[in-house]
Structures are given as structure tokens and as C-alpha cells.
Amino acid sequence: MQIGFVNCLKEIKKLLQKVNTMDFKGYDKKIQEIIELVEKQYTLFDEEIFHNLGLLLGIAEELEDDALAGYVYYQLADAYYSFHFDVEGMQKYLSLGIKVQQEAQDFTLLAKSYNLLGITEFLRGNFGLAFDYYMSALDYCKSLTTKDSGLLGIINSNIARLFFMLNDYDHGRFYAEEALYEISGNIVDSSYVSNMISIYTFLGNIYLSRNRDVHAAQACMESLMEIARNSGYERELLSSVDILTFSIRLAHYGNKITERDMLIRRFSDKELLSALRTNMMEDVCDLADFFLEIDKVEESRKVLELLEAKLSEINLPEIEKRFIESKIRYFEKCGDLEKRNETSYHFYSLMKQQEMEKISAFLFALGIRQDLEDLKEQNAFMEEENVRLTKKAEYDELTGLPNRYHLSDFSDAAFERAYNGRTPFALEMVDVDYFKQYNDFYGHQKGDECLKLVAGEIKKLCQKHPGIYAARYGGDEFVLIYENMQDEEVLRYAKELGDGVKALNLQHSEKEGGVVTISQGIRNSIPSKKNRVWDYTFSADTALYQVKSKERGGIKLIHKAKLEGERMYV
């Protein structure tokens, strides 16, 4: 392979670089410049990315910006995974990131984080845990305001690969076709070409593995070739390892033996396998096994030697275990039983190591779950506390009615509605008759119970008749507002309230008549520009004073502050 191919791969990677998960337009120029540099360094596999991500993390912590911190943590995790396959570093930053991403409600990053966890556990052989992470990623995608087809496609393709490894080709095909559907509808995605080619290649291999459907597999090959041609990088893309492995199998099952053997010879190219991605190594192991099946023993040996050199660069027992399985098959095919037994013991040792890693991965998953549960409980507590404080700020604790602060907001809005609509606005002041004497004689506890019961009758009236609002004004005083009601209607409802309180039959030995009653003063009129809510409050209070000075337990309704045109129920 010529150096030009490697350079062209870099150009392709630039073309297909990932899309930002955040809109950074609101950040200052310095932050935007660092982010732009980070994106470039990721594309070029530049180790300086870790330094710049450290700078960004410091800025995010200083600003206490969860959204920016969540982005940085994900990028750090992805860099540790992509650059070094450092699972420990990746898990550390994903764990930190998921918590702040949850706080910031960044569902895109949460989906990507869980997808990355799924990929990691898949490569480590923890298929159940990987599937759980992938499904969590899909759930977060459902919470996105705008559907992200590219991300959905990637997650579905990863689930398809998982089922393929379990030899469940039906489910593998289902998720692969779901991935194809999602990705094909988003041609503007910067990773569209690479994702589409990857899915067509994978789907074609499923058709060959499931029922040797050469026709369907060939259709996949033709589709991916068309995408490659339109990309401008046809030769380079079609020379990639994954497409070559697919091409060899397709040629074999299509009885194109000459073409197959020509393609097999390509795998002696060391530079080709140097570009091999970690998640493709199992596919190449499958190809080495395939070579043994068709008696291409020497070709299988060459591929295994190249893979062994590649394996030394990573520390991933599941991949190494899969490689050793191929080596065992190779030694059996060659009849070298001594090396087969030696390799089998190595396989056993890796199995024991992997069991320990699975326990560690399970404990890590439990830790994330516990952190999120703690966060959920904390948020629920904060939400309850906010509701309680809001309610406390706007509602009277004793009676449960709105307090004067809430009354002020509501009355202003109701007054504006009446003024703009040229409709009547009525404000009523209510006072419990001889309440001081009741409180002094029966005690404060009984006095509180009396106010609660009166407030209960007021609530009943408001619930029964829409358009009536009530609040506790203070002490034993209450305010009611009637919107868009004529005098007769207002007086009828006011009398209903007075009768309701009297029917409580609360004994009051210090008052003539022996039971608790209320006095009511009302002003009702269409607001004019010179009127304000306090005009109505003053007028209603004046009418209430007139009731109390003449005969308590009555109602007086007026239209102006001077008591002109008064109407009264006693």
C-alpha cells in the first residue's frame, strides 16, 4: 500500500469528522477557539487534545457550567477510548460526565455516553451489559427534541453487531435494517458515508451467514460501491479491511474463485492491517477461520501473524481470546497438538482474567446506576422543596387559601381583564364577626379552627362557581374577586357564602345569636382609567365598615367609594 493511501485516509477522516453535540455560539471566543482545536486534534489523532481538554475542563469548572463540563468529560472519555483504548480512563470520565449530563439534560451526550459504554463492554465480551447500555442510549434518543437519525443509526448498528456475534441473525438483520433506515434519511450528517458503507457491509455479511443469500449480499455490495463512488474516495474506501473481508466471502459463495484468491492475496499487505480498527479484529479472526475452512492454511497463518502484532498494541482480553480461538483452530488444522494444548492453556488463563473484568464492569455499572438514583432522589427532594417554598410564599399556611402576595398578582391581572374587556369587576371584603372575642374566650387553637372552617366555605364557593377567586387578607379578613358578574349574581353568591358560614353552627357565646357569622362589603363596577385595585379594596372595606356599624352578618354592595347606589342584604 502506498503512502498516498494513508494520507488519503486522513483526508477522509477530516471529511467524516463527528458533529458537535452542543451549540457553542454563546461562549466567548477563547472557548470557541479551544473547542475548534480539539475537534481538529481528534480528527488528526493529535495527543495534544488531552492538554486542551484539560484547559476546557478548568474553564467549565470555574464557570460551574454543567453543559460544557458534560461535553468535555465525554470528549475525554472518547479520546481515551479512541487513542489508547484505555478502558479505565474512559470509564472514569464517562462516570463523571453522565452525572453532569443528566443535570444539564443533555440527552444527546447521554445517548453517546451509553453507546460508548456499550461498545466497550461488547469488545470485552460482556454482551448482556452491552445490550443494556445500548437500550439506555436508545431511550435517551427518545427524549431528544429533534430526532438524531445518525445517532440512532449508529446505536442500532451496534446492537445488530451484538446479535450477529450471538449468531442471532434474525435480530441482527432487524437492527441492521433499522440502522440503515435511520442513517439513509440523514445524508447531511458528516459521518453519513462511513456509516452507510459500514451498515451495508455488515448487512451483507448477515445475509451470507444466515442462509448464504448471495443475491441479497451482492445488492448490499452494489449499494456501498455506489456510495463510495459518489464520495470522491472510491478506491480508498473500497480498499478498507471490512469491505475486503466482505468481498472475499461474497466472491467465495458466489463461486468466483479467481476473484476470491486475488482478494485473499491483499491480506499479505502489512500496511493494510496497520489501519485495522479494534472493533474489526473479530471480523478478521472470522476471516482467518474462513481461510482454514477453504484450505487456505498459509493465508490463515499470515493473517494471524499480522493480527498478533496488532494485538500487542492493545490490552483487551476478549479480543485476544477470540484471536487465540483462531490460533487453536489453526494448530489443529496443522496437526500441531503441542502448540494447540499450550495455546488452549493460554485461552483458559484469559477466561479467568475476563471473569474478573466482568465483575469489575458489573460493579462499575452498578455505581453509575446508584449515582443516577441518588441524583434522581436529590432532584426529587429539591423539586418538592421548591414546590413547598413556592406554595409557602403564595399560600396561607393556616387556611390553604392564597395569601396577600398571590392576591396582589391575581387582582391586578383580573382588573386588567375587566378594563380591557369593559366587564364588571367586583371585590368583596369579608370579616368574621366578633372574632377577637371568640379568640379570647375559646382560645387561639379554637380561633384557628374557626378560620379554617370559614375558609373551607369560601373554597367551596370558589369550586362551585367558576369566576370567583378568594384569598386570606390577614387576621380574620378575606377577599373575594368576582369577574364579569352583575350585581344580582354577586349578591346571590355572597349570600350563599354567608348562609354557609352560619350553617356551620359554630357556637359563639360572646355574640348575640350564639353562632359565628361574617360581614361582607362589596364594590362592583366596570373599571375606568382612574380606577385601581386599591380603589376597590378601599370601597369594599368602607362598605364592610358600614355593615359592621349597623348590623353584623349582613352584605352591602356599592358602585362608588362614596356609597352611592348602595344595595344591601341583611
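The residues of the chain are indexed from 1 along the displayed sequence.
Residue Tyr114 comes nearest to Ser136 through the heavy atom pair CD2-CB, 3.7 Å, listed as atom of the first residue, atom of the second, then distance. Among all heavy-atom pairs drawn from Ala77 and Met90, the shortest one is O-CG, 3.3 Å. When every heavy atom of Leu152 is checked against every heavy atom of Lys147, the shortest pair comes out as CD1-CE, 3.5 Å. Contact between Asn52 and Ile34 at its shortest, heavy atoms only, is O-CG2, 3.7 Å. Leu203 and Ala176 make their closest contact through CD1-CB, 3.5 Å (heavy atoms, listed as atom of the first residue, atom of the second, distance).
In this structure, Lys99 does not pair ionically with Glu103, as no charged nitrogen and carboxylate oxygen lie closer than 4.0 Å. Under a 4.0 Å N-O distance rule, the pair Arg173/Glu177 qualifies as a salt bridge. Using a 4.0 Å cut-off between a side-chain N of Lys or Arg and a carboxylate O of Asp or Glu, Arg265 and Glu299 do not qualify as a salt bridge.
In this structure a side-chain-to-backbone donor-acceptor pair under 3.5 Å is present from Thr245 to Asp242. Remark: the backbone N or O of Leu109 is paired with a side-chain donor or acceptor of Ser113 at under 3.5 angstrom. Between the side chain of Asp148 and the main chain of Leu151, a donor-acceptor pair closer than 3.5 Å is present. With hydrogens and angles ignored, the 3.5 Å screen pairs a side-chain donor or acceptor of Ser411 with a backbone N or O of Ser408. Without hydrogens or angle criteria, Ser157 side chain to Ile154 main chain gives a donor-acceptor distance under 3.5 Å. Listed for the Ser184 side chain is a donor-acceptor partner under 3.5 Å among the backbone atoms of Tyr181. Under the 3.5 Å distance criterion, the side-chain polar atoms of Asn115 are left unmatched by any main-chain donor or acceptor of Ala111. For Ser300 (side chain) and Lys296 (main-chain N/O), no donor-acceptor pair under 3.5 Å exists by modelled atom type.
Applying the side chain to side chain contact (heavy atoms under 4.5 Å, CB included) criterion to Ala413, with sequence neighbours excluded, gives Arg417. Applying the salt bridge (Lys or Arg N to Asp or Glu O under 4.0 Å) test to Arg212 and every residue at least two apart in sequence or in another chain returns nothing.
Between Ser326 and Arg322, the side chains place a donor N or O and an acceptor N or O closer than 3.5 Å (distance only, hydrogens not considered). For the residue pair Glu394/Asn403, the side-chain donor-acceptor check at 3.5 Å is not satisfied. Side chains of Asp78 and Tyr93: no donor on one and acceptor on the other come within 3.5 Å. Glu121 and Tyr134 form no side-chain donor-acceptor contact under 3.5 Å, judged by distance and modelled atom types alone.
Contact check for Ile328 versus Phe347: side-chain heavy atoms found under the 4.5 Å cut-off. You'll find the side chain of Ile155 reaches within 4.5 Å of the side chain of Cys141, heavy atoms only. Using a 4.5 Å heavy-atom threshold, the side chains of Tyr330 and Asp289 count as separate. Residues Cys285 and Leu307 meet the side-chain proximity criterion, which asks for heavy atoms closer than 4.5 Å.
Just one residue in the list Tyr133, Phe127, Phe163 forms a ring pair (Phe, Tyr, Trp, His ring centres under 6.0 Å) with Phe122, and that residue is Phe127.
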Side-chain donor/acceptor pairs under 3.5 Å, residues 164-171, sequence neighbours excluded:
{"from": "Asn167", "atom 1": "OD1", "to": "Tyr169", "atom 2": "OH", "distance (Å)": "3.3"}
{"from": "Asp168", "atom 1": "OD1", "to": "His171", "atom 2": "N", "distance (Å)": "3.2"}
{"from": "Asp168", "atom 1": "OD1", "to": "His171", "atom 2": "ND1", "distance (Å)": "3.3"}
{"from": "Asp168", "atom 1": "OD2", "to": "His171", "atom 2": "ND1", "distance (Å)": "2.9"}
{"from": "Asp170", "atom 1": "OD1", "to": "Arg210", "atom 2": "NE", "distance (Å)": "2.6"}
{"from": "Asp170", "atom 1": "OD1", "to": "Arg210", "atom 2": "NH2", "distance (Å)": "2.7"}

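Within a 6.0 Å sphere centred on CD of Glu36, heavy atoms belonging to other residues, nucleotides or ligands number 12 at most.
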Derivation and outcome, ring-ring contact (aromatic ring centres under 6.0 Å, His included), residues Tyr207 and His215: CA-CA 9 Å; Tyr207 288 131; His215 179 74; 9.9 Å; no
